[in-house]
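Working notes, structure below.
Quantities reported herein were computed from a predicted structural model and do not represent experimental measurements. Chain A is the first sequence line, chain B the second, and so forth, proteins listed ahead of strands; every chain is numbered from 1.
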Amino acid sequence: MTLSTQLLNWYYENARDLPWRKDKDAYKIWVSEIMLQQTRVEAVKDYYQRWIERFPTLEVLAEASEQEVLKYWQGLGYYTRARNLLAGVREVCATYGGEMPNDERTIQRLPGVGEYTAGAIASIAYDRRTPAIDGNVLRIFSRLFCLDGDITKQATKREVDHLVRQHMPYNCPGDFNQALMDLGATVCIPRNPRCQMCPLANLCEGYAREVQDTLPVRPVKKEPLLIHLAAGLVLRDGQYLVRRRPERGLLAGMWEFPTVELTEKRFAVESLKEGLQNEFGQEATVGKREFHYIHTFSHRKWDISFYHCQWFAGSELLEGVRWLSSTEGNPLPWAGPHHKVALALGLA
DNA sequence: AATACGGGGGT
DNA sequence: ACCCCAGTATT
């Protein structure tokens, strides 16, 4: 018995039933792989189903508008993934006549497709013998071979890449890669790995030395920056004032309620009033605080308070600003705390 | 080689 | 609260 046969035998008995495993359509594999970047299977399932329903083929997606595409992505996070996917399918249509390239190198040239995703698509959709090294594989192999180097370092990744290539079968590389995902998701999990039921326990050096819980080794993360924000729920004639975030940076291109950053939290009302005046040239009355959220992003933590506001005079609106009514069923993509508030107000 | 980029589920 | 996930692009 070899590592790959033990793993595959386990996989064929225990493979998860996932929506993107129903066929080997490269476009669908692509969509699933992008959605699954840094995102759990459970979170992806519903998004994937709705996505495929609306954009069943690469050509359909290529014809869609970016705003609509973002709408289908809202709440999933890492929104450049959606933009890159859209740009990618357009590139396939324009450059490859709508036919997906089937070699890893060409696939990796598509926007948003890196080494891992290219390997996953090439192996799963086209039976190419290419590794797909993600967090699961790094964790599994660091335990299997007692690799105690920092898995975020290039040197450790090269080491794992070498080992994966050694153990990857020639007949079903896609199954092998997916088997590693499933093992990492259900057995060789980050904390408290279930080694008693692991099909590779007899081969696992980490398990033999009882150091499986100390692996893999990661760097210590740094403290997120705390930012205080006040947001205005500016109401006029049953409509709320919303604006589009900048094209680059955090929550790029998503819609939000106007906010001001606070230097002093206790001056929230005054700062909001002044901020609205500066941005929209209108005097607003700031009412009572309605919602309060602590929202942690990867490297910053928003302490954000929402205030009901009112203003009366009409005015010219700038680019990327509009009024939104809860009865329109408007298709604007939201994200972050704004998404939750928009849902509560019936705007999302 | 670092850093930016979301959000949610498990512990 | 904290951890970390089917990573990639940018600096």
To the side chain of Pro190(A), which of dG7(C), dA1(B), dC4(C) is closest?
dC4(C)

Roughly, in whole Å, what's the span from NE2 in His339(A) to C1' in dG8(B)?
13 Å

Identify, residue by residue, the members of residues 155-181 of chain A with a heavy atom below 4.0 Å from DNA chain C, and return them in order of residue number, or none.
Met181(A)

With the side chain of Arg218(A) defined as its heavy atoms from C-beta on, choose the nearest nucleotide among dC5(C), dT11(B), dT8(C).
dC5(C)

Between the base of dA9(C) and the side chain of Arg248(A), is there a donor and acceptor pair under 3.5 angstrom?
no

Nearest-neighbour nucleotide for the Arg21(A) side chain, dA6(C), dT8(C), dG6(B) considered:
dA6(C)

Side-chain contact check for Gln154(A): nearest option of dG7(C), dA6(C), dA1(B) is dA1(B)

With nearest nucleotides of DNA chain C determined for Gly112(A) and Glu33(A) from heavy-atom distances, which residue corresponds to the more 5′ nucleotide?
Glu33(A)

Whole angstrom is fine here: how far is it from CD in Glu256(A) over to P in dG6(B)?
12 Å

Can you confirm whether Gln108(A) is buried at CD, in the sense that more than 12 heavy atoms of other residues, nucleotides or ligands lie under 6.0 Å from that atom?
yes

When rounded to the nearest 0.5 Å, the distance separating CH2 of Trp302(A) from NE2 of His228(A) is 14.0 Å

Among dC3(C), dG6(B), dA6(C), the one nearest Leu18(A) by side-chain distance
dA6(C)

Of all the nucleotides listed (dG8(B), dA2(B), dG6(B)), which has the minimum atom distance to the side chain of Lys340(A)?
dG8(B)

Which donor-acceptor pairs under 3.5 Å do the side chains of residues 89-97 of chain A make with protein atoms, sequence neighbours left out?
unit_1   : atom_1 : unit_2   : atom_2 : d
Arg90(A) : NE     : Ala62(A) : O      : 3.0
Arg90(A) : NH2    : Ala64(A) : O      : 2.6
Thr95(A) : OG1    : Glu91(A) : O      : 3.1

Taking dA2(B), dG7(C), dG6(B) as options, the one with an atom nearest any side-chain atom of Asp134(A) is dG7(C)

Between which residue ranges does DNA chain B form stems of three or more consecutive Watson-Crick or G-U wobble pairs, both distances under 3.5 Å?
B:1-5 with C:7-11, B:7-11 with C:1-5

Do Val234(A) and Phe280(A) touch side chain to side chain, with heavy atoms closer than 4.5 Å?
no

Against the side chain of Thr39(A), the closest entry in dG7(C), dC4(C), dG6(B) is dG6(B)

What I'd like to find out is whether the side chain of Tyr307(A) reaches to under 4.5 Å of the side chain of Arg289(A), using heavy atoms alone.
yes

